[in-house]
Enquirer: 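One structure follows; several queries about it will come next.
Residue numbers begin at 1 in each chain, while the letters A, B, ... track the order of the sequences.
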Protein chains: 2
Amino acid sequence: MTNRPKTRQAMNLNALDLNALRVFERVAASGSFTAAARHFHRAVSSVSRQIRGLEEALGQPLLYRHTRAVALTEAGWRYYEEIREILERLDLATEALAYPDAEPSGVLRINAPVAFGQRQIVPLLHTFQRRHGGITAELQLSDQVIDPVREGQDITFRVGDLADSSLVARRLAPMNYVVAAAPSYLEVHGAPRTPESLSDHNCLLYQGEMGRQRWYFQTPDQSGSTPHEVSGNLYSNDAESLLRAALLGQGLVLFPTWLIGDALSQGELVPLLEAWRGEVMPGRRDIHVLTTERRLRTRKVRAFLDYLQESLAPQPAWDQWRERIGGLSNDHR
Amino acid sequence: MTNRPKTRQAMNLNALDLNALRVFERVAASGSFTAAARHFHRAVSSVSRQIRGLEEALGQPLLYRHTRAVALTEAGWRYYEEIREILERLDLATEALAYPDAEPSGVLRINAPVAFGQRQIVPLLHTFQRRHGGITAELQLSDQVIDPVREGQDITFRVGDLADSSLVARRLAPMNYVVAAAPSYLEVHGAPRTPESLSDHNCLLYQGEMGRQRWYFQTPDQSGSTPHEVSGNLYSNDAESLLRAALLGQGLVLFPTWLIGDALSQGELVPLLEAWRGEVMPGRRDIHVLTTERRLRTRKVRAFLDYLQESLAPQPAWDQWRERIGGLSNDHR
DNA sequence: CATCGAGTTGCGCCTCATGCAATAAAGATT
DNA sequence: AATCTTTATTGCATGAGGCGCAACTCGATG
């Protein structure tokens, strides 16, 4: 619907297009046409034209085009601040139209660390989506810490470290670690009886961007954790690889139960040093989900968070490996 | 830009169309597809489809269709309240993008009483639009009192009576009345010397929906106005007709100077009873403009109001008829 | 009961949004 | 410094979708 007859004009309110505004919000948040194109499953050329059309309608540029990135102009920044809130309000108003028991629907964008996502979120999400057929999920797994706003994510899982941020954090579940080794390893090397004896063992360590992890141990009557220098013949930034090596009898691992609970319950790994509490990040013993105030108000995000709380209370399935030792793994449902 | 792949869903945020939202706002405010179609210069079928598409995107009806009118559903009303504010904020944010000295632009919708509009607003608007080429004006003249919000008007002129309302009212100019007659009438019947002697004269009276107007007179030392029963042989709801009859020498009229200032200055009408102050609505002696808080923030409305204040200060041209007696009419510029 | 006005729908036409491919520009890499 | 790679732009062809006209429906009005 174009405005006609056209008069000479600096801007044309009727030339505004809601899709162009949404595209602009995503470009501004991500700093990239390419990222916005991926977000909306569109060609970059389409994004380019939407932005160009918006700038023409407004009568001035919103973005500086650099190679490999774009940046907001002063006016673009001011407009982005407004548009972001306007779109939020519009979507809330639109969603509020639904009757109170309306089905959550739309695209749920989830970010999580790779291993946690594969093992825990996929089955949880599977059950959630069977309940709510209107939900489409986009599961982005990455071991890099991302900025959910910039990446346009609805929910981000954080295992362990929880950086200070303006995001809304919800504690989801405790994160317990277990030292474990395969029976085949123990048959040859025997089981360590104290944390000190770990120095006689082959400890397979995670070595990521933050360097090589240390193992800490604490007895219940201790107020703090004691670090132990351990070493081994395999260090990797890929937890999955370390786990595979451990299952082959190569050495000991200290991993969270959401990663190795199944192996423990199936006897593929044997828990060790159970009188102590082991961890790799002292004091960080919880799994959180991060979202934004805005997204917390959407039906789909609230429904998924509620479902997660309900599924993981009072104790997540991955912490119930003791009860399942010897039996078939009880799939999540 | 459609959302794909589509999942089963109650609503689709990406299916929202800004034009459809604007159409919906106008339909809701006016209660009519036809009125909204006129507002946007579109066929009614186009409006019908926009609304239908919006309802499908939202998954529920927004309007009850009755013959000859539509009404908002409960959900439609709630949505309308939200959408109205969202659109207002979006338009303000968009207009705020302009540099401080940006030209006002867009469509200015003005409502005024017929005679006042023809005589006073057309030339005022003409000069304003020569200054601001980006302005398109829609001048709706009506002697019925309209609801500016419902009619989607930016500025409404009110001469005389100012009903209580939530609209923003700005006093624009004083409204002075003059009793006058053509020289040809006075040659035959002589001039009345007091208001009491009007009963001996043929007084042409406005007779509208509120009934036949009375004439009130007041001397400067009086605190109130005194009504006078006058009568004549022509009553009409059309001021222009009464004026034409007076110019033909048929009788006396009591009219505001914005209506007869030119005739007075050209000697076609002669002012009478000048020691008195005459009026037809006691106490209502001002011309106001009405707008809404929202529209007051728009550049085009502010610019027009500022221009009106500047043009009519310290005294509007229509009150300067004495200075122009005997000379050519000085057109507004 | 005929007429009128408001809204709906079928149909054809035209505009515009889209993706592909070629291109430009500049930062990253060797 | 040359080359490669990535991001964004633009020409072009195609198809989707918005539009107005006309016929129709329905209920209020006189």
Enquirer: To the nearest Å, how far apart are B:Phe33 CZ and C:dG7 C1'?
Expert: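 Checked: the CZ to C1' distance equals 7 Å.
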
Enquirer: How do B:Ala35 and A:Val44 order along DNA chain C: which one's closest nucleotide is nearer the 5' end?
Expert: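 Going by which nucleotide is closer to the 5' end, it is B:Ala35.
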
Enquirer: Return the value, rounded to whole Å, for the distance between atom CG of A:Asp17 and atom P of C:dT15.
Expert: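 Rounded to the whole Å, the gap is 19 Å.
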
Enquirer: Can you find a side chain N or O atom of A:Ser46 that sits less than 4.0 Å from OP1 or OP2 on C:dT18?
Expert: yes

Enquirer: Could you check how far CZ of B:Phe40 sits from P of D:dC19, rounded to whole Å?
Expert: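 Distance, rounded to whole Å: 11 Å.
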
Enquirer: Scan A:Val70 against the nucleic acid and name what it touches under 4.0 Å (heavy atoms): base, sugar-phosphate only, or nothing.
Expert: sugar-phosphate

Enquirer: Ignoring backbone atoms, establish whether A:Thr34 has a side-chain N or O less than 4.0 Å from OP1 or OP2 of D:dA8.
Expert: yes

Enquirer: Applying a 4.0 Å non-hydrogen cut-off, can you work out what B:Arg52 is touching in the nucleic acid: base, sugar-phosphate, or nothing?
Expert: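 The residue B:Arg52 makes sugar-phosphate contact but no base contact.
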
Enquirer: Between A:Glu85 and A:Arg89, is there a side-chain N and carboxylate O pair less than 4.0 Å apart?
Expert: no

Enquirer: What's the CG-P distance between B:Leu18 and D:dG18, to the nearest Å?
Expert: 14 Å

Enquirer: State whether the distance check finds a donor on one side and an acceptor on the other, under 3.5 Å, for side chain A:Arg65 versus base C:dG27.
Expert: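 No, no donor-acceptor pair under 3.5 Å.
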
Enquirer: B:Arg42 CZ to D:dC21 C1': how many Å, rounded?
Expert: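 Rounded to whole Å, this separation is 15 Å.
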
Enquirer: State whether B:Arg52 and B:Glu56 are salt-bridged, where the test is any N-O pair (Lys NZ or Arg NE/NH1/NH2 against Asp/Glu carboxylate O) under 4.0 Å.
Expert: yes

Enquirer: Once you measure the plane-to-plane angle for B:Phe116 and B:Phe157, does it fall in the parallel (<30°), tilted (30-60°) or perpendicular (>60°) bin?
Expert: tilted

Enquirer: So that I can tick it off, tell me whether B:Glu95 and B:Arg297 are bridged by a salt bridge, with the cut-off set at under 4.0 angstrom between side-chain N and carboxylate O.
Expert: no

Enquirer: May I have the distance from B:Arg38 (atom CZ) to C:dG7 (atom C1'), rounded to whole angstrom?
Expert: 14 Å

Enquirer: Nearest to the side chain of A:Gln50, heavy atoms from C-beta on, is which of C:dT8, C:dT18, D:dC19?
Expert: C:dT18

Enquirer: Should the pair B:Arg109-B:Glu138 be classified as a salt bridge under the 4.0 Å nitrogen-to-oxygen rule?
Expert: yes

Enquirer: In whole angstroms, how far is the C1' atom of D:dC26 from the OH atom of B:Tyr64?
Expert: 19 Å

Enquirer: Can you check the B:Leu62 CG to C:dG7 P distance for me, whole Å?
Expert: 15 Å

Enquirer: Using only modelled atom types and a 3.5 angstrom limit, is any donor from either the side chain of A:Arg49 or the base of C:dG19 paired with an acceptor on the other?
Expert: yes

Enquirer: Mind checking if B:Ser45 touches a base, just sugar-phosphate, or nothing, with heavy atoms under 4.0 Å?
Expert: base

